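Take a look at the structure below.
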Amino acid sequence: MNIVLLGPPGAGKGTQARRLQATMGIPHIATGDLFRSLAAEDNGLGREVRAYMNKGEYVPDDVTIRVGLDRLRAPDTENGCLLDGFPRTVAQATALTSALGRLGQRVDLALYITAPEELLVRRLSGRIVCHHCNAIYNNATRPPQQDMSCDACGHELERREDERAEVVRTRLRTHEERTSPVAEYYRERGTLVEIHGARTIEVVEQEVDGAVGLRGVR
Ligand code: AP5
Ligand code: MG
Ligand code: ZN
């Protein structure tokens, strides 16, 4: 089963996808995480990706589609995957539909997690992450057990580089302009479920589980 997680920065896509990966046993594929790894490399592609991310703009579709579909070709996606932050333009969604279609697969469910903008900004200002295993924490709502060290792997926790206020504003605007149409794309195909992401992590988890169960994914 293939599940797409859509939603603005800070909505909780990564938080929900990491948990679903464990409960469903299918891989969590986040283009944001893939791009952060590429951006850490000192080569042409790394510099290009870093420049877009640090401004809060989307990486161009040709690069994103190549990176996203390459990852989908790995053998661990045989039984499906959780796509976090891909597709986020209509061109990416169309490319994904074609690629899955060639394998006799489809996007079975698109979860669109939403929350008011001021809450998203507040959450992002408290987020700390592990760049080693991609675990996600929050100083206010999901603190690590030990100050600034990852519960899962012990590495030091850090802020993300794209959390400066003006970059967050650009990310929110880019999402509104370019990814809202992707929600419509899946709504028209009858696979969109909207999740109100402004409630506690546990309540959102229950709603996500309901949506996933309703579609017969588990
Ligand atoms: P990406 O890494 O995907 O960033 P994003 O979309 O801006 O989303 P975030 O990761 O910031 O938010 P999230 O929804 O995962 O929230 P989280 O679970 O962490 O992409 C980064 C960049 O890469 C893009 O700007 C772009 O440049 C590029 N890129 C990536 N994919 C691309 C694509 N397809 N095309 C083009 N470019 C692409 O939660 C946030 C915080 O809130 C955490 O601290 C968490 O603990 C907390 N939290 C979560 N849920 C709750 C809750 N219910 N209650 C309280 N706290 C909560
Ligand atoms: Mg994320
Ligand atoms: Zn870790």
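Order of appearance sets the numbers: ligands from 1, and atoms from 1 within every ligand. For the numbers below, each heavy atom of this structure counts, side chains included, while hydrogens, waters and symmetry mates do not. Keep in mind the model is a prediction, meaning the values are calculated, not measured.
- The line from OG of S149 to OH of Y137 is 8.0 Å long, rounded to the nearest 0.5 Å.
- Taking the ring pair (Phe, Tyr, Trp, His ring centres under 6.0 Å) definition, one finds that H155 meets it with H132, sequence neighbours left out.
- The protein atom (non-hydrogen) at minimum distance from atom 22 (C) of ligand 1 is M53 CE, 3.6 Å.
- Note: T191 OG1 to D108 CG = 8.5 Å, rounded to the nearest 0.5 Å.
- Shown in contact with P8 at under 4.0 Å from a heavy atom are these atoms of ligand 1, numbered in order with element: 14 (O).
- Ranking protein heavy atoms by distance to atom 49 (C) of ligand 1, first place goes to T15 OG1, 3.5 Å.
- For ligand 1, none of its N or O atoms has an N or O atom of Y52 under 3.5 Å away.
- A heavy-atom separation below 4.0 Å is found between A11 and ligand 1.
- Under a 4.0 Å criterion applied to the non-hydrogen atoms of L124, ligand 1 contributes the atoms 11 (O).
- Taking only nitrogen or oxygen atoms, main chain and side chain alike, R127 reaches within less than 3.5 Å of ligand 1.
- Below 4.0 Å from some heavy atom of T200 lie the following atoms of ligand 1, by number and element: 53 (N).
- In terms of polar-atom proximity, R199 is counted as a contact of ligand 1, with an N or O under 3.5 Å from an N or O of the ligand.
- Within a 6.0 Å radius of CD in E117, no more than 12 heavy atoms belonging to other residues, nucleotides or ligands are found.
- Note: the hydrophobic cluster containing L172 does not contain L6 (ILVMFWY, side chain heavy atoms under 4.5 Å, direct or indirect links).
- Nearest non-hydrogen protein atom to atom 4 (O) of ligand 1 is R160 NH2, 3.1 Å.
- Looking only at atom types and distance, the side chain of R19 has a donor-acceptor partner in the side chain of Q16 under 3.5 Å away.
- The shortest contact between atom 3 (O) of ligand 1 and any protein heavy atom is with R88 NH2, 2.6 Å.
- At a 4.0 Å cut-off, not a single heavy atom of G126 sits close enough to ligand 1 to count as contact.
- Every atom of ligand 1 is numbered from 1 in the order shown, and the set under 4.0 Å from a heavy atom of Y137 is 43 (C), 44 (O), 46 (O).
- When the side chains of ILVMFWY residues are joined at heavy-atom separations under 4.5 Å, either directly or via intervening members, L100 and V90 end up in a single hydrophobic cluster.
- Geometrically, ligand 1 and P9 share no nitrogen or oxygen pair separated by less than 3.5 Å.
- Among all non-hydrogen protein atoms, the one lying nearest atom 47 (C) of ligand 1 is N138 ND2, 3.8 Å.
- Given atom 7 (O) of ligand 1, the protein heavy atom at minimum distance is R171 NH2, 2.8 Å.
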Show the numbers, then the answer: is there a side chain to side chain contact (heavy atoms under 4.5 Å, CB included) between D209 and L20?
CA-CA 8 Å; D209 282 353; L20 281 177; 4.0 Å; yes
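- Of the possible polar contacts, none joining the T77 side chain to the R73 backbone as a donor-acceptor pair under 3.5 Å is found.
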One pair to check against side chain to side chain contact (heavy atoms under 4.5 Å, CB included): M24 and I3. What are the steps and the verdict?
CA-CA 11 Å; M24 296 180 68; I3 299 178; 3.9 Å; yes
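- Protein heavy atom nearest atom 29 (N) of ligand 1, with residue, atom name and distance: F35 CD1, 3.6 Å.
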Mind running side chain to side chain contact (heavy atoms under 4.5 Å, CB included) on K13 and H28 for me, showing each step along the way?
CA-CA 10 Å; K13 302 181 294 294; H28 169 203; over 6 Å; no
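- The local environment of CG in D147 is sparse, with at most 12 non-hydrogen atoms from other residues, nucleotides or ligands closer than 6.0 Å.
- The distance cut-off of 2.8 Å around the Zn ion (ligand 3) captures these protein N, O or S atoms, sorted by chain and number: C130 SG, C133 SG, C150 SG, C153 SG.
- For the pair R159 and L124, the tightest heavy-atom approach, listed with the atom from each and the gap, is NH2-O, 3.1 Å.
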Would R164 and T170 satisfy side chain to side chain contact (heavy atoms under 4.5 Å, CB included), going step by step from the backbone distance to the final call?
CA-CA 10 Å; R164 285 199 322 277; T170 306; over 6 Å; no
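- Atom CG of L111 sits about 6.5 Å away from atom CD1 of I113, to the nearest 0.5 Å.
- With a 4.5 Å cut-off on side-chain heavy atoms, T64 and R66 do not count as touching.
- If you check which protein heavy atom lies closest to atom 16 (O) of ligand 1, you get G12 N, 3.3 Å.
- Scanning all heavy atoms of the two residues, the minimum distance from Y58 to H175 falls at OH-CA, 3.4 Å.
- Against a heavy-atom cut-off of under 4.0 Å, G197 is close to the following atoms of ligand 1: 53 (N).
- Heavy-atom proximity to E57, at under 4.0 Å, picks out these atoms of ligand 1: 26 (C), 27 (O).
- Ligand 1 does not have H175 within reach: every non-hydrogen atom of the residue lies 4.0 Å or more from it.
- Close contacts between ligand 1 and T64 involve ligand atoms 33 (C), 34 (N), 35 (N), 36 (C) [criterion: under 4.0 Å to a heavy atom].
- Atoms of ligand 1 found under 4.0 Å from any heavy atom of R123, numbered from 1 in the order shown, are 42 (O), 48 (N), 50 (N), 51 (C), 52 (C), 53 (N), 54 (N), 55 (C), 56 (N), 57 (C).
- No heavy atom of K55 sits closer than 4.0 Å to any atom of ligand 1.
- One distance of note links CD1 of I136 with OG1 of T15; it measures 4.0 Å at 0.5 Å rounding.
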